[in-house]
Amino acid sequence: MTDKIKKGELGEQLAANFLTEKGYDILERNYRYKHSEIDLIVKKDNWLVFVEVKTRTSETFGYPENFVDDKKAEKILEGAEQYLFETNWDGNVRYDIISIMLKKDIPEVVHFEDAFH
């Protein structure tokens, strides 16, 4: 397993832990549809939230959340549309980003609610 994959898995686990502590239920991890992958699908109250997790070890090339471009958002929306169809969801929907910086001993986790749509 490459360091990049390990870093991504660590970031997704940290994000899942963070969301669970905030009262979200984890419904799916790494949901795939065609060319789309959604890192986390979570639920809280009447909200279904599709979460993109971005993890970095440095800010040299920018903050993690800056790496969710229009193309990535479009792919997430495509996968989310399929998931909504499959589950016949009838509640609110939101698209969030969790940004994780792995610096020193304590990771910095930032939650951007309603980051794109």
Side-chain angles (χ1 to χ4, degrees):
M1 185 179 304
T2 67
D3 285 343
K4 183 177 179 180
I5 291 171
K6 287 179 187 177
K7 179 175 58 175
E9 287 179 354
L10 174 60
E12 288 176 13
Q13 186 58 53
L14 290 168
N17 294 347
F18 174 86
L19 290 168
T20 300
E21 289 174 13
K22 298 289 184 190
Y24 291 84
D25 294 319
I26 308 296
L27 301 179
E28 299 277 346
R29 289 177 186 240
N30 301 310
Y31 173 82
R32 294 177 191 268
Y33 173 71
K34 293 187 179 180
H35 297 291
S36 172
E37 180 184 347
I38 301 171
D39 295 327
L40 298 170
I41 302 174
V42 300
K43 181 180 179 286
K44 184 176 183 183
D45 302 324
N46 196 35
W47 284 92
L48 187 67
V49 184
F50 297 92
V51 182
E52 175 66 12
V53 180
K54 287 296 181 188
T55 307
R56 296 288 184 269
T57 54
S58 115
E59 299 162 353
T60 302
F61 298 106
Y63 293 100
E65 63 272 15
N66 295 338
F67 289 87
V68 181
D69 59 13
D70 291 341
K71 185 176 178 181
K72 180 66 175 174
E74 185 178 308
K75 289 194 179 301
I76 292 168
L77 292 169
E78 179 184 6
E81 186 175 304
Q82 178 63 26
Y83 186 84
L84 293 169
F85 174 76
E86 288 174 7
T87 61
N88 199 28
W89 177 256
D90 192 32
N92 299 306
V93 175
R94 195 175 73 217
Y95 302 89
D96 293 2
I97 297 172
I98 298 225
S99 168
I100 300 177
M101 288 297 289
L102 299 175
K103 295 194 306 190
K104 302 182 183 171
D105 295 334
I106 301 172
E108 178 183 316
V109 179
V110 181
H111 184 188
F112 296 92
E113 293 184 6
D114 205 17
F116 61 91
H117 41 61

### Query
Among Val49, Leu48, Asn46, which residue meets the side chain to side chain contact (heavy atoms under 4.5 Å, CB included) test with Asn92?
Asn46

### Task
Could you identify which residues cluster with Phe61, counting Ile, Leu, Val, Met, Phe, Trp and Tyr as linked when any side-chain heavy atoms lie under 4.5 Å apart, either directly or through a chain of such contacts?
Phe67

### Message
Do Asn17 and Gln13 pair up side chain to side chain, a donor and an acceptor below 3.5 Å, judged on atom types alone?
### Response
yes

### Query
What heavy-atom pair brings Ala73 and Phe116 nearest, and what distance separates the two atoms?
CB-CD1, 3.6 Å

### Task
Of all the heavy-atom pairs spanning Lys34 and Glu78, show the shortest one and how long it is.
CD-OE2, 3.8 Å

### Query
So which pairs with a foot in residues 57-67 pass side chain to side chain donor-acceptor pair (under 3.5 Å), sequence neighbours left out?
Ser58-Thr60, Glu59-Lys103, Glu65-Ser99

#### Entry: Within 6.0 Å of CG in Asp70, more than 12 heavy atoms from elsewhere
no

Do [X] and [Y] make a side-chain contact, defined as non-hydrogen atoms from C-beta onward lying under 4.5 Å apart?
X      : Y      : answer
Thr20  : Ile26  : yes
His111 : Val51  : no
Leu14  : Leu102 : yes
Ile76  : Tyr31  : no
Tyr83  : Leu27  : yes

### Query
With sequence neighbours left out, what residues match Ala15 under side chain to side chain contact (heavy atoms under 4.5 Å, CB included)?
Leu40, Val53, Ile98, Ile100

#### Entry: Under the salt bridge (Lys or Arg N to Asp or Glu O under 4.0 Å) test, residues paired with Glu37 that sit two or more places apart
Arg32

### Query
Is there a path of hydrophobic side-chain contacts, each under 4.5 Å between heavy atoms of I, L, V, M, F, W or Y residues, that connects Phe112 with Ile41?
yes

### Task
Output every pair passing salt bridge (Lys or Arg N to Asp or Glu O under 4.0 Å) with a member in residues 43-57, not counting sequence neighbours, ordered by first then second residue.
Glu52-Lys54, Glu52-Lys72

### Message
Can you pull out every salt bridge (Lys or Arg N to Asp or Glu O under 4.0 Å) where at least one residue sits in residues 79-91? Sequence neighbours excluded, please.
### Response
none

#### Entry: Spacing of Thr55 atom OG1 and Met101 atom CE [to the nearest 0.5 Å]
10.0 Å

### From Lys75 atom NZ to His35 atom NE2, the distance as rounded to the nearest 0.5 Å
6.0 Å

### Message
The test is side-chain contact (heavy atoms from CB on, under 4.5 Å); show your working for Asn30 and Asp39 and say whether it passes.
### Response
CA-CA 4 Å; Asn30 301 310; Asp39 295 327; 4.0 Å; yes

### Query
Parallel under 30°, tilted from 30 to 60°, perpendicular over 60°: which one fits the rings of Tyr95 and Phe50?
parallel

